[in-house]
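Heads up, the thing below is written out as structure tokens.
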Amino acid sequence: MEPNNSLFIPSYYLVGIFLFIFTCCLAALEYTEITIFLCVIGTFIVSKGILKEKQQLFSLTLFFWLFSSLYGLSVPISIALGGEINDTFFFGNLTQNVNPFLIAYSLSCIGFLLGQINFGRNDYQDIKVNSNIFNFDILARGAILSAFFASLFEAINLYRIGGINMLFIGKGAYQSVVGDLFITLPSSLMYSICGIFTGMVLAYYKSHNFHAKDKKYFFMIILLLVPFLFCKILLGMRGALVSIFLTGMASYTAIIPLKKISWKLLLWTLLIYLFLVFLVTNRGIVSLLLTNPDDFFSQAFDLKRLSSNFNPGNSEFGAAFGNFCVFFEKYGTEFDKQFGITYLQGLATPIPSFLYPGDKPVQITYVFRDEFFSSWAQRSRIASTGFSSILEGYINGGFVGVLLVYLVWGKLLRVADYIRLKHTNTLGIILSSILADSCMVFSREAFGDILSSYLWEAIYALVIYFLVYFIRISFKLRM
């Protein structure tokens with residue numbers, strides 16, 4: 001008789017909950033350094049528990065948990081170690097408001113873990129791979145078609161805003177101009193969808209021991225993605241570039257569980273990370289490639305410039321902390337709570353403006369921007385410092401609101417991982433793997449933006465899937 005591990009596995013979560021309750025108390029008493037240290041320890045303890053429960057190295061739960069830790073702890077750690085701080089949020093008095101943020105962050109961890117706990121049998125025991133339930137032709141054609149649309153849509157968007165020279169105006173300016181277009185074509189979403197189909201194709205190859213000569217589809221996919229990749233690399237849009245790996249890993253590991261990490265995978269991960277650091281460091285000087293290439297190369301490989309961006313707190317990972325501190329510096333705990341209004345308004349975000357009856361409600365991201373970063377509105381209609389799921393929970397219900405929001409999200413991810421890792425069918429894997437993108441941005445965006453991105457990506461993925469399905473059927477009929 002095998003021992004029942006269903007109580008042992010959640011014990012990691014229970015330890016994490018008690019530890020983060022303790023860090024809440026320490027942060028309230030302003031023991032900043034020890035609070036940060038224990039939060040890091042708690043991150044590792046819970047990560048160990050997630051690995052034991054999911055029984056593989058990749059899950060949406062673990063992926064979100066690690067990204068949430070980066071967003072939550074990067075700047076506090078940098079402050080504790082005397083590192084550089086992004087001056088975008090300087091008036092948020094970051095060093096003074098680090099403890100209130102750590103209270104909110106600890107509560108978010110508690111809520112998430114409460115949502116993850118399952119008292120009873122482990123849902124992930126005895127996961128078995130059955131790749132025979134998938135149709136290879138549909139998956140391969142889906143990957144090819146979505147790769148084609150990714151590059152086609154990017155090229156059309158580029159043409160509509162003025163052509164290839166616009167790639168040298170900088171990431172922020174480019175996004176602003178494209179965002180102001182009437183009906184922007186979803187090239188980045190198609191790129192992420194390509195990752196889902198490609199991940200499943202790779203898993204199919206792996207499980208059926210296909211030879212290298214049978215992998216002609218991958219050369220076609222890479223070739224079709226070249227225009228898209230060219231544009232995003234010049235713009236330094238590392239988030240868009242990395243999404244294909246995240247969604248691909250999510251769909252691949254739904255079929256072939258990742259049990260260990262090879263040295264080759266670690267090496268590739270390190271090389272990709274270094275390349276992304278290079279991109280984000282130099283995207284502000286890319287225009288020099290046209291005017292003064294020698295100056296670009298002399299600056300691009302300057303080690304001092306590159307080293308500053310190895311600190312994630314100096315990048316978008318500092319947005320969640322910075323936005324919270326800016327709000328807390330002005331209002332503290334004395335403000336009119338929204339009690340769910342921003343989430344109700346967020347339901348309108350996925351609806352196109354020309355289909356919405358009347359004027360759409362202004363989303364909390366832009367309400368916040370107009371109050372605290374009004375100069376950003378002059379750059380573009382969509383320009384902002386991002387937002388924060390912790391801050392949105394806090395605005396709606398104070399510190400308790402943060403806990404409740406993350407409890408719901410924790411339960412949702414548990415269900416999504418169950419669907420994905422049990423791989424009941426192709427559509428279940430597709431729809432749950434899209435959440436990999438949501439997990440990456442959840443901590444620095446508002447509910448409405450996350451919902452809109454997920455729903456539209458799901459709609460486009462379903463369109464691609466059924467399109468290639470019916471193309472396949474009609475082809476067989478003609479045969």
Side-chain angles (χ1 to χ4, degrees), residues 13-47 65-114 311-337 368 371-372 385-407 443-444:
Y13 297 166
L14 293 174
V15 171
I17 289 171
F18 286 119
L19 185 57
F20 284 111
I21 291 174
F22 187 47
T23 60
C24 273
C25 298
L26 289 175
L29 296 172
E30 300 188 350
Y31 291 106
T32 307
E33 288 78 10
I34 187 64
T35 301
I36 295 171
F37 175 75
L38 290 178
C39 282
V40 173
I41 296 298
T43 297
F44 283 105
I45 290 174
V46 173
S47 298
W65 179 255
L66 295 178
F67 259 84
S68 178
S69 300
L70 276 174
Y71 281 108
L73 297 176
S74 293
V75 181
I77 290 173
S78 183
I79 291 173
L81 297 177
E84 295 181 11
I85 302 175
N86 192 329
D87 58 6
T88 302
F89 308 98
F90 71 94
F91 55 91
N93 202 357
L94 304 187
T95 56
Q96 295 300 314
N97 289 319
V98 63
N99 286 304
F101 176 81
L102 288 172
I103 293 173
Y105 171 74
S106 297
L107 288 169
S108 73
C109 293
I110 294 169
F112 183 75
L113 293 175
L114 288 173
N311 177 6
N314 285 333
S315 65
E316 60 267 27
F317 288 109
F321 175 81
N323 286 326
F324 180 91
C325 289
V326 166
F327 182 88
F328 195 87
E329 175 66 14
K330 180 175 181 178
Y331 292 110
T333 58
E334 303 296 327
F335 60 94
D336 295 329
K337 296 177 178 62
F368 176 82
E371 180 175 354
F372 294 98
T385 60
F387 200 59
S388 164
S389 54
I390 288 179
L391 177 56
E392 188 166 13
Y394 183 73
I395 288 174
N396 280 275
F399 287 115
V400 175
V402 176
L403 185 145
L404 293 176
V405 167
Y406 274 76
L407 187 152
S443 298
R444 63 179 173 93

| message | Using the side-chain hydrogen bond (donor to acceptor under 3.5 Å, both in side chains) criterion, which residues pair with Ser106? Sequence neighbours excluded. | response | Thr23
| request: Identify, with sequence neighbours excluded, every residue that meets side-chain contact (heavy atoms from CB on, under 4.5 Å) alongside Ile77. | output: Ile36, Val40, Leu73, Leu81
Can you name the nearest heavy-atom pair linking [X] to [Y], along with the distance?
| X | Y | value |
| --- | --- | --- |
| Ile110 | Cys24 | CD1-SG, 4.4 Å |
| Phe101 | Ala320 | CE1-O, 4.0 Å |
| Gly16 | Val46 | CA-CG2, 4.0 Å |
| Ser69 | Thr43 | OG-CG2, 3.3 Å |
| Ala27 | Leu102 | CB-CB, 4.0 Å |
| Ala104 | Ile390 | CB-CG2, 3.7 Å |

Kindly compute the distance separating [atom1] ([X]) from [atom2] ([Y]), expressed to the nearest 0.5 Å.
| X | Y | atom1 | atom2 | value |
| --- | --- | --- | --- | --- |
| Thr35 | Asn99 | OG1 | CG | 6.0 Å |
| Asn396 | Leu391 | CG | CG | 9.5 Å |
| Ser389 | Tyr71 | OG | OH | 10.0 Å |
| Leu38 | Ile34 | CG | CD1 | 4.5 Å |
| Ser108 | Leu407 | OG | CG | 11.5 Å |
| Phe18 | Leu113 | CZ | CG | 11.5 Å |

| query | More than 12 heavy atoms of other residues, nucleotides or ligands under 6.0 Å from CZ of Phe22: is that the case? | reply | no
| Given the rule in the side-chain contact (heavy atoms from CB on, under 4.5 Å) test, do Phe321 and Val98 qualify, once you have shown the distances and angles that lead to the verdict? | CA-CA 8 Å; Phe321 175 81; Val98 63; 4.0 Å; yes
| said: Angle between ring planes, Phe20 versus Trp65, binned at 30° and 60°: parallel, tilted or perpendicular? | reply: perpendicular
| message | Please verify the inter-ring angle class for Phe317 with Phe67; under 30° counts as parallel, over 60° as perpendicular, anything in between as tilted. | response | tilted
| query | Applying the ring pair (Phe, Tyr, Trp, His ring centres under 6.0 Å) test to Tyr394, which of Phe387, Phe399, Tyr406 qualifies? | reply | Phe399
| Pair Thr385, Asn323: side-chain N/O donor-acceptor within cut-off below 3.5 Å | yes
| field | Glu329 and Asn97 side chains, donor-acceptor separation under 3.5 Å | value | yes
| said: Check for me whether the distance between the ring centres of Tyr105 and Phe324 falls short of 6.0 Å. | reply: no
| Does NZ or CZ of Lys337 lie under 6.0 Å from the centre of the six-membered ring of Phe335, at an angle within 45° of the ring axis? | yes
